[in-house]
Amino acid sequence: MRQRIAVIDFETSGITPGRDCRATEIGVAMVEDGRVVDRFQSLMNAGVWVPPMIEQLTGISNAMLKSAPPAHRVMRDAAAFVGETPLAAHNASFDRKFWDYELARLGLARRQDFACTLLLSRRLLPQAPDHKLGTLTRWAGLPAAGRAHRALADAEMAANLLSHLEGTLQRQFQLADIDHALLCKLQKVTAAKVKPYLRELQAKLVV
DNA sequence: TGCCAGGCCCTCTTTAGGGCCTT
């Protein structure tokens, strides 16, 4: 895919954004032509407490966040880095709500859609043992990008997965011009109907 | 008072329930 896509990943202090639950780290992997061509990463201090279970999961401690730059400054920089670039994430419904919440605190609003590598892999890689980002990375033989559950490493793994999914579409359905809009359309087609949909699309392009 | 996600997918479904996935 020649088009640039910004693949983002948040580490957070919990599941639902709000007063007590905020982003603690953001990673952005800018992918183009199947390669990561640019990166953004920063811890951010939003003044929230990270529970021990999440400290252990991510390796991001409360002590690390004390010296991190403030969340509003990091998010402003991240928003400038992404600009109008189309977005993607693994389980995008999760990252989208934190992206929207953190931007809203700055008086900013998202204008582009999110493609979701979880929804796409459920449709295009049904034979995978499960659809966790780490499992898919190992199963597809994609490069490990660093410590799992850190924002940039996970963003790069999701970027690699996105390129792998694109390759699957090209090989199995001879679709050459895959863009972000097609991915967003594809993830809305139900899993059961995605293959007939792609064959129909392929036939239209061949004729 | 106490508790607190939510969207997607599958099936022993659709007047529902449980598992997956993210931190």
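We name chains A, B, ... by the order of the sequence lines, and we start the count at 1 in each one.
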Item to check | Same-atom distance (P) from dC4(B) to dC8(B), integer angstrom | outcome: 23 Å

Item to check | Whole-angstrom distance between dG17(B) and dT13(B), as gauged at atom P | outcome: 12 Å

Item to check | Rounded distance in Å between the C1' positions of dC12(B) and dG18(B) | outcome: 12 Å

Checklist entry - dC9(B) C1' sits how many Å from Lys193(A) NZ, rounded? => result 14 Å

Checklist entry - Distance between the P atoms of dT1(B) and dC20(B), in whole angstroms? => result 36 Å

Checklist entry - Donor-acceptor pair, Asn62(A) side chain versus Val50(A) backbone, under 3.5 Å? => result yes

Next on the checklist: From CZ of Arg96(A) over to P of dG6(B), roughly how many Å is that when rounded to an integer?
Outcome noted: 13 Å

Checklist entry - Among pairs that include at least one residue of residues 112-129 of chain A, which meet salt bridge (Lys or Arg N to Asp or Glu O under 4.0 Å), considering only residues two or more places apart or in two chains? => result none

Item to check | Selection residues 56-88 of chain A - residue pairs positive for ring pair (Phe, Tyr, Trp, His ring centres under 6.0 Å), sequence neighbours left out | outcome: Phe40(A)-Phe81(A)

Next on the checklist: For the C1' atoms, the ones on dC21(B) and on dG2(B), what distance do you get once it is rounded to whole angstrom?
Outcome noted: 27 Å

Checklist entry - Should Thr117(A) and His90(A) be marked as a side-chain hydrogen bond (donor to acceptor under 3.5 Å, both in side chains) after you check the CA-CA gap, both sets of side-chain angles, and the distance that decides it? => result CA-CA 5 Å; Thr117(A) 52; His90(A) 193 69; 2.8 Å; yes

Might you list the N or O atoms of the protein lying below 3.5 Å from N or O atoms in nucleotides 16-23 of chain B, with each pair's distance?
| from | atom 1 | to | atom 2 | distance (Å) |
| --- | --- | --- | --- | --- |
| dC20(B) | O2 | Arg122(A) | NH2 | 3.3 |
| dC21(B) | OP1 | His131(A) | N | 2.5 |
| dC21(B) | O2 | Asn91(A) | ND2 | 3.0 |
| dT22(B) | OP1 | Leu133(A) | N | 2.8 |
| dT22(B) | O4' | Asn91(A) | ND2 | 2.9 |
| dT23(B) | OP1 | Asp154(A) | OD2 | 3.2 |
| dT23(B) | OP2 | His149(A) | ND1 | 3.2 |
| dT23(B) | O3' | Glu11(A) | OE1 | 2.8 |
| dT23(B) | O3' | Thr12(A) | N | 3.0 |

Checklist entry - With rounding to whole Å, what would you report as the distance between dC3(B) and dC9(B) at their C1' atoms? => result 27 Å

Item to check | Asp33(A) side-chain N/O to Arg35(A) backbone N/O, donor-acceptor pair under 3.5 Å | outcome: no

Checklist entry - Is the closest basic N to carboxylate O distance between Arg2(A) and Glu32(A) below 4.0 Å? => result no

Item to check | Value in whole Å for how far the P atom of dC8(B) lies from CG of Leu125(A) | outcome: 19 Å

